[in-house]
Amino acid sequence: MNRKKSCFLIILVTILIIGCTTKFDKAQREKQEAITLSVSEKISTNLDELINILLKTLQEPADINTQNFNLLSQGFPEITALFLYDNNLELTGKVPSAVIDDDIIENCLTHQNIKNISSITKPLIGHSLNKNTDVFICITIPFLSDKTEKRDIIIVLVNTEKFFSRIEDDYITPYPYSLVVINDEQDVVYDSDPMRIGRDFLTKKDSNDYDLALGNLYNMMTENANDFFITNIQEQEQTLKKIYTWNTIYPYGETFYITLVRNVSRNTSKKTKNIFLLSSLRSYAIQDTLIDPIIDDEPEQVRMLLRHIYDNNPEAYVIQLADTTGTIINGWPSCNSIVGYCNAQKRNKSFDNALFEVISTKKEIITTSALLEGGEGKVMFIPILVHEELYGVLIAIEPEGN
């Protein structure tokens, strides 16, 4: 009877643990979905703003000149070149004058556009164009005239890395996500990893071999274009999986899949060890093994020690190091870290205030805070002191109720 009771208690505890973990994970997934939608809206807004300024600045063929190009590129550095074509799609002008115009028409316009050039009556966005090491999207704008059906068109090349990285820096950097933008020809228009920009989305990261998991993911995107979902992509390394969320936008006739990716660490070694997290942090905050590499500016050595603390504390979600300005400068695992985030950005009031207070008073604080990426956690801030001089703050997060 006691054996049955023990089994029941074990099952009950297991269910409770799974329930807490699921609640924490669900909150993080919901946050990722929300950021995906807000970033999609921002991309659409920025494209609207870009095209509106083009329409205001370029109202007739004579406006395709160096002065206007310089004016536009000052406000929008992603604008790389302007091409002017007549009704027969013959090039009649370009800025800068040295820019190469090979394959512009074939890549930026569909066969239907080329066949019926006079039918283009409003701006449209064409597919991506690879030129050397850069990738561009094309914006085509017609010069309309009431007197004749014949018209000139302008094609503007927009550098995708410059356009999307500005949005990423402003709206995604504080979160542990990377941004991928894909068009409906499965080209990677933008990726946080610059080596992936311009590649086929369905190929593996380190080769041109077809990736079955990415193929299945892309099918989900195209078949459910008006929704956003989450799916797990198992990496070759068994301790990592990827969570994808996406939203589909249709700016000026073009299709873009706006995709956020989060790497999730699955550290199997954490199942067997049980070291009290707070005492570990306090211990390392006064040890030369951590203080020396901080003073000597050895980030890899610091990361190795943060990983050691993480690996030996099963309850930890992330271990991070902030400098004396309140900026997160290191963390493990990197997929849960918000490296580069500063409390002066004021995106998380309780976290920011606690970090500021620790830096000001040089005293440790333990508090509960909502996490930037969703869910709540118990956050421990431990000052790293040498003879009362502050060298940084150790920050550990333990998922609330997990």
Side-chain angles (χ1 to χ4, degrees), residues 18-48 164-184 186 188-193 196 201 213-235 240-251 254-266 317-318 333-341 345 347-351 369-377 397 399-402:
I18 292 173
C20 291
T21 303
T22 302
K23 183 178 179 181
F24 179 71
D25 291 343
K26 181 182 178 183
Q28 296 208 316
R29 288 196 298 268
E30 288 175 347
K31 182 69 172 185
Q32 186 172 336
E33 291 171 359
I35 299 299
T36 304
L37 289 177
S38 65
V39 168
S40 299
E41 292 171 0
K42 186 60 183 177
I43 289 172
S44 295
T45 299
N46 280 22
L47 284 170
D48 285 340
F164 290 105
S165 63
R166 289 206 300 173
I167 297 172
E168 183 176 38
D169 289 343
D170 291 340
Y171 296 94
I172 300 178
T173 297
Y175 305 99
Y177 315 137
S178 56
L179 172 65
V180 183
V181 180
I182 311 155
N183 67 16
D184 59 359
Q186 70 202 37
V188 178
V189 176
Y190 178 78
D191 195 308
S192 298
D193 177 0
R196 293 282 294 171
F201 177 68
L214 289 177
N216 292 336
L217 175 65
Y218 186 75
N219 288 336
M220 291 176 66
M221 290 181 185
T222 55
E223 291 171 7
N224 302 279
N226 294 319
D227 297 309
F228 53 99
F229 295 85
I230 297 170
T231 185
N232 295 340
I233 302 293
Q234 188 68 51
E235 293 286 303
L240 188 70
K241 69 176 180 179
K242 294 193 174 190
I243 297 178
Y244 287 77
T245 55
W246 69 87
N247 188 45
T248 310
I249 61 175
Y250 306 94
E254 179 69 326
T255 300
F256 291 121
Y257 304 106
I258 311 302
T259 311
L260 293 189
V261 189
R262 179 169 186 185
N263 295 331
V264 180
S265 178
R266 304 155 89 183
Y317 168 70
V318 65
S334 56
C335 56
N336 292 342
S337 301
I338 52 173
V339 173
Y341 178 74
Q345 293 176 253
R347 290 178 180 262
N348 188 328
K349 185 176 181 180
S350 59
F351 181 96
S369 173
L371 306 183
L372 278 172
E373 62 270 33
E376 289 193 342
I397 297 175
E400 189 71 5
N402 191 2

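- What you find for Glu373 and Asn336 is that their closest heavy atoms are OE2-O, 3.8 Å.
- Side-chain atoms of Gln32 come within 3.5 Å of backbone atoms of Ile243 as a donor-acceptor pair (strictly under, hydrogens ignored).
- Note that the OG1 atom of Thr248 and the CD1 atom of Ile182 stand 9.5 Å from one another [nearest 0.5 Å].
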* Asked: Would Leu260 and Tyr175 count as a side-chain contact (heavy atoms from CB on, under 4.5 Å) if you check the C-alpha gap in whole Å, the side-chain angles of each, and the deciding distance to 0.1 Å?
  -> CA-CA 10 Å; Leu260 293 189; Tyr175 305 99; over 6 Å; no
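- Counting only heavy atoms from C-beta outward, the side chains of Tyr190 and Ser165 approach each other to under 4.5 Å.
- Residues Phe164 and Val189 form a side-chain contact, since some pair of their non-hydrogen atoms from C-beta on lies under 4.5 Å apart.
- In this structure, Ser337 contributes its side chain and Pro176 its backbone to no donor-acceptor pair below 3.5 Å.
- Atom OH in Tyr171 sits 13.5 Å away from atom CG in Leu179 (nearest 0.5 Å).
- Side-chain contact between Ile397 and Glu376 is absent, with no heavy-atom pair separated by less than 4.5 Å.
- Rounded to the nearest 0.5 angstrom, Arg166 CZ and Ile43 CD1 are separated by 12.5 Å.
- Separating the NZ atom in Lys242 from the CG atom in Leu214 is a distance of 7.5 Å, to the nearest 0.5 Å.
- Taken from CD in Glu254 to CD1 in Ile249, the straight-line distance is 9.5 Å, to the nearest 0.5 Å.
- The closest side-chain heavy-atom distance from Tyr257 to Thr222 is below 4.5 Å.
- For the ring-ring contact (aromatic ring centres under 6.0 Å, His included) test, no residue two or more places apart in sequence or in another chain qualifies with Phe201.
- Looking at Tyr177, its side chain never comes within 3.5 Å of a backbone N or O of Ile35 through a donor-acceptor pair.
- Here the side chain of Glu30 pairs no donor or acceptor atom with the backbone of Gly374 at under 3.5 angstrom.
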* Please walk me through it: do Met220 and Tyr244 pass side-chain contact (heavy atoms from CB on, under 4.5 Å)? -> CA-CA 11 Å; Met220 291 176 66; Tyr244 287 77; over 6 Å; no
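- What you find for Gly375 and Ala27 is that their closest heavy atoms are N-CB, 3.3 Å.
- Rounding to the nearest 0.5 Å places CG of Leu47 at 7.0 Å from CD1 of Ile167.
- Judged purely by atom type and a 3.5 angstrom limit, Asn247 has no side-chain atom pairing as donor or acceptor with the backbone of Thr36.
- When the options Leu372, Asn348, Asp169 are evaluated for a side chain to side chain contact (heavy atoms under 4.5 Å, CB included) with Pro174, the one that passes is Leu372.
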* To do: Take Leu371 and Phe24 through the test side-chain contact (heavy atoms from CB on, under 4.5 Å) and record every step on the way to the result.
  => CA-CA 10 Å; Leu371 306 183; Phe24 179 71; 3.9 Å; yes
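- Side-chain contact between Thr259 and Met221 is present, with heavy atoms from C-beta onward closer than 4.5 Å.
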